[in-house]
There are 2 protein chains.
Amino acid sequence: MSDKTKKTIYDIAVRAGASPSTVSAALNGTWKQRRIAQATAERIIAIANDDGYSANLQARALRTSRSGLVALLMPEYNRFFSNIAQTFSREVRARNQCPVIISTGRNPEEEKATVADLTAWSIDALFFVGTVAPEDLSRQCTAADIPHVFIDQPCAIAPSVITDSRNGARILTQEISRSMMKLTTNLGDSPRDTIYFIGGDRLLPSTRNRVAGFSDEMIAQFGRIDPDQILAATYDMEVATQTITDLYQRLGGLPRGLFINSDSVFEGVLRFLATLPEDELTACAFGCFDYEPFGQLLRFPVHMIRQRHKMLVQRAFALMETTSPPVIEYVQPEMYRAEQITGQATVMPIQPRGPKVD
Amino acid sequence: MSDKTKKTIYDIAVRAGASPSTVSAALNGTWKQRRIAQATAERIIAIANDDGYSANLQARALRTSRSGLVALLMPEYNRFFSNIAQTFSREVRARNQCPVIISTGRNPEEEKATVADLTAWSIDALFFVGTVAPEDLSRQCTAADIPHVFIDQPCAIAPSVITDSRNGARILTQEISRSMMKLTTNLGDSPRDTIYFIGGDRLLPSTRNRVAGFSDEMIAQFGRIDPDQILAATYDMEVATQTITDLYQRLGGLPRGLFINSDSVFEGVLRFLATLPEDELTACAFGCFDYEPFGQLLRFPVHMIRQRHKMLVQRAFALMETTSPPVIEYVQPEMYRAEQITGQATVMPIQPRGPKVD
DNA sequence: AAGGTGTGCAACATCGATTGTGCAAATCCC
DNA sequence: GGGATTTGCACAATCGATGTTGCACACCTT
């Protein structure tokens, strides 16, 4: 309990009058298979506890080539990813392993380097969320023989769990247009009299799917969609502010509906909206494909779609533990429908429906 | 580049016609001191690159008893802590080490267990942010001979970097009362005609300091403070909603000013505020001791104090790398002063001033 | 040419835990 | 009571990298 240098099984062995291998077996719980007398095992365990022994995990990992580490790679610490990280931690701990969370700042080079680092640590499994180049990373893992799963971004050659963005976007669009109808009895066909999609990166599957879902619903409702309605170049906040400002200029006011593609975009858009008078704001129907609790408390109602991070992570573990072929599993998001009057939202589950793309 | 099993220095040694120790020296960069011919070293390095060699870090750590891992323990993934994590990652990487971030959910038992785990991994250094029982953890680290620093929560027996909460709270209170004066020309002495402090855990130094700063300013401005003005029992969101609801009932309306002690409390309070008519909201002066960007975009202005996470982390590294005695270093927060008209905020640095407690 | 000084590298022990193997002593069986 | 089992444990190899020691050879010196 008191010495300076860290205790090893050899120290325990000396104190117990046993051999290191016996100590190891006793502390591992493998003593039964190794035919160690129960009395001996218990004596050793008692001594180890008393000495405050804890195994050198490097040595163990070196010998067994299993580290007990499970890593999660994420691009940054925003609300969604942090939630993922939180549930990930819990799940890993529940499996008696050690969660390691690393953010790579959306930098493909850093992603690769980090994966290399992690394989050098002989990590047991690797979860990716929102990575930029899934296939490369998957190949790296396969080469190092590391089980891995992708969350929130599909990979062609590895199991993935993703939100059914297309369906979610369709439902959200539906909800926006429903609110829009309530606000305006007769829609003209000026460029303002429709819904605009703002924010996101069209190179990424998630944005593509959301755009697809948005388009599905636009065509279902209005029979057509104009490419100009989709302003999706980046998730950057400043750009979002600029984009909405430009749109406002161009249309001579807000459109009747706005599909906001993430919380960062939401924040960027709000910076501009905050400068507008209230009546302009309440004349537009807002929807955000992300959940932001403060979004419920603004001067105008905002419908929101929330990804079910818990489910995503849990399904990812399930996939990792069972499947080998690259499957893509879809998780339906939840809808937070804003009530016009109270400002409060009601949660609404979404049923899977319709065709899927990844 | 292609084999199944991972390459080791022994494999490289065979291919290079050299001994493992020579390979090790070559790849380490210690070949000069070990009098290896430059030609040999270069040949070995070339072969290693070609083979896609990467060292087994467990083996290295076992041998050297230094892992190259630097860990950050945090309670949960909220905005502030996530920001800390982000800068922490960057700083660790800049030092060519590997950042490991673990959340322990404010559970002292889990904190202890995690530290034990990390010492078993012979981690090189440990950063704590917002932990519950700093002294115990510090003792654990000292026993395992691990350098460590506390961020955002002082520890009596280890170096700490914390925000000067008392001064920040004083400034924020000042700002709230300034806004209050603008809203109401004559303050009566009904219980409503003052500022209330809501949220936080008085057992924690940060809350104690904020209460102290709040009290300082109340006494400076009004000559007195009533214990009833301080409603600080927990950071819990639901409780915050309940507390503000009760307060509203008790006072028969909102108070003239409200000091909100964190973003979680902010969110809880807002759930209630969202149900109130706008004129009641604009008649109250709000301040929040935390930064929440959406807070700038509500139906009423909110002054905010922002902790400088970057500075906190950087100073923590500096302390770790130099000091040995337990020093407490203070970092001044920033003030986001909300403008009544535009809803926008201006950032204002805060000068250190006045007495400090732990 | 003998002794001294460098140079370039291989051998080997080591970090701490795991695990296959072997060998006494105890127990069993007829 | 002697061979066959079983019980209980110690020995030693091993994981991969590091770093100390020491050996062979070349070169220099006088």
Side-chain angles (χ1 to χ4, degrees), chain A residues 3 5-45 47-48 51-68 117 119-122 124 144-145, chain B residues 3 5-45 47-48 51-68 117 119-122 124 144-145:
Chain A
D3 242 54
T5 57
K6 250 200 108 191
K7 290 281 193 303
T8 72
I9 49 169
Y10 298 90
D11 302 324
I12 309 288
V14 172
R15 263 199 68 187
S19 79
S21 58
T22 305
V23 173
S24 170
L27 298 178
N28 267 297
T30 57
W31 52 271
K32 213 151 198 171
Q33 308 144 48
R34 292 185 63 97
R35 300 187 323 212
I36 307 293
Q38 179 159 354
T40 312
E42 282 170 356
R43 181 164 43 90
I44 290 175
I45 291 174
I47 292 179
D51 273 10
Y53 168 81
S54 79
N56 181 321
L57 298 180
Q58 322 282 7
R60 173 177 296 166
L62 174 58
R63 187 58 232 267
T64 61
S65 67
R66 300 192 62 252
S67 63
D117 239 38
T119 67
W121 278 107
S122 49
D124 292 345
D145 204 31
Chain B
D3 242 55
T5 57
K6 250 200 106 193
K7 290 282 193 302
T8 72
I9 49 169
Y10 298 89
D11 302 323
I12 310 288
V14 171
R15 263 199 68 187
S19 79
S21 58
T22 304
V23 173
S24 170
L27 298 178
N28 266 300
T30 57
W31 53 270
K32 212 151 197 171
Q33 309 144 47
R34 311 232 350 231
R35 299 186 326 212
I36 307 292
Q38 177 159 357
T40 312
E42 282 169 357
R43 182 163 43 91
I44 290 175
I45 292 174
I47 292 178
D51 273 9
Y53 168 81
S54 79
N56 181 321
L57 299 180
Q58 323 281 8
R60 174 177 295 164
L62 174 59
R63 187 59 231 268
T64 61
S65 66
R66 300 193 61 251
S67 64
D117 239 36
T119 68
W121 279 107
S122 48
D124 291 345
D145 204 31

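Scope of the values below: all heavy atoms of this structure, side chains included, with no hydrogens, waters or symmetry mates. Chain identifiers are assigned alphabetically (A, B, ...) following the order of the sequence lines, protein sequences preceding nucleic acid strands; residue numbering begins at 1 within each chain.
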Rounded distance (Å) that lies between atom P of C/dA11 and atom OH of B/Tyr10: 12 Å

Exercise: identify the closest heavy-atom pair between B/Ile9 and B/Tyr53: CG2-OH, 3.4 Å

Answer yes or no: is there a side-chain heavy-atom contact under 4.5 Å between A/Leu62 and B/Asn56? yes

Contacts of B/Thr119 meeting side-chain hydrogen bond (donor to acceptor under 3.5 Å, both in side chains) (sequence neighbours excluded), chain-then-number -> none

Does any N or O in the side chain of B/Gln58 come within less than 3.5 Å of the main-chain N or O of A/Ala59, such that one atom is a donor and the other an acceptor? no

Counting only heavy atoms and a strict 4.0 angstrom limit, can you tell me which residues of residues 33-43 of chain B come near DNA chain C? B/Arg34, B/Arg35, B/Ile36, B/Ala37, B/Thr40

Please table the atom pairs, donor to acceptor, closer than 3.5 Å between any side-chain atom in residues 34-45 of chain B and protein atoms at least two apart or in another chain.
unit_1, atom_1, unit_2, atom_2, d
B/Gln38, NE2, B/Glu42, OE2, 3.0
B/Arg43, NH1, B/Ala16, O, 2.5

Report yes if a side-chain nitrogen or oxygen of B/Tyr53 is closer than 4.0 Å to either non-bridging phosphate oxygen (OP1 or OP2) of D/dA17; otherwise report no. yes

Sorted by number, residues from residues 12-22 of chain B placing a heavy atom under 4.0 Å from DNA chain D are B/Ser21

Within residues 12-31 of chain B or reaching into it, pairs that qualify as salt bridge (Lys or Arg N to Asp or Glu O under 4.0 Å) - sequence neighbours excluded: B/Arg15-B/Asp50, B/Arg15-B/Asp51

Tell me: CH2 of B/Trp31 to C1' of C/dA10, nearest whole Å? 19 Å

Without decimals, in angstroms, what is the distance between B/Lys6 NZ and D/dG16 P? 9 Å

Calculate the interatomic distance between B/Asp11 atom CG and D/dC15 atom P; express it in whole Å. 11 Å

Whole-Å distance, B/Leu62 CG to C/dA17 P, equals 9 Å

Find out whether B/Tyr10 and B/Val23 are in side-chain contact, i.e. whether some heavy atom of one side chain is under 4.5 Å from a heavy atom of the other. no

Taking NZ from B/Lys32 and P from D/dG19, how many angstroms apart are they, rounded to a whole number? 19 Å

Minimum-distance pair of heavy atoms, taken over all atoms of A/Ile12 and A/Ala48: CD1-CA, 3.9 Å

Could you give the CD1-to-C1' distance, from A/Ile9 to D/dT14, as a whole number of Å? 13 Å

Base, sugar-phosphate, or nothing: which does A/Thr8 touch, judged by heavy atoms less than 4.0 Å apart? sugar-phosphate

Over how many whole Å does the gap from B/Gln58 atom CD to C/dG16 atom P extend? 15 Å

Under the side chain to side chain contact (heavy atoms under 4.5 Å, CB included) test, residues paired with B/Asn28 that sit two or more places apart: B/Ser24, B/Thr30

B/Thr64: partners by side-chain hydrogen bond (donor to acceptor under 3.5 Å, both in side chains), with sequence neighbours left out: none

Could you pull out all residues at least two apart from A/Ser67 that satisfy side-chain hydrogen bond (donor to acceptor under 3.5 Å, both in side chains)? none

With 3.5 Å as the limit, what N/O pairs link the protein to nucleotides 26-29 of chain C?
none

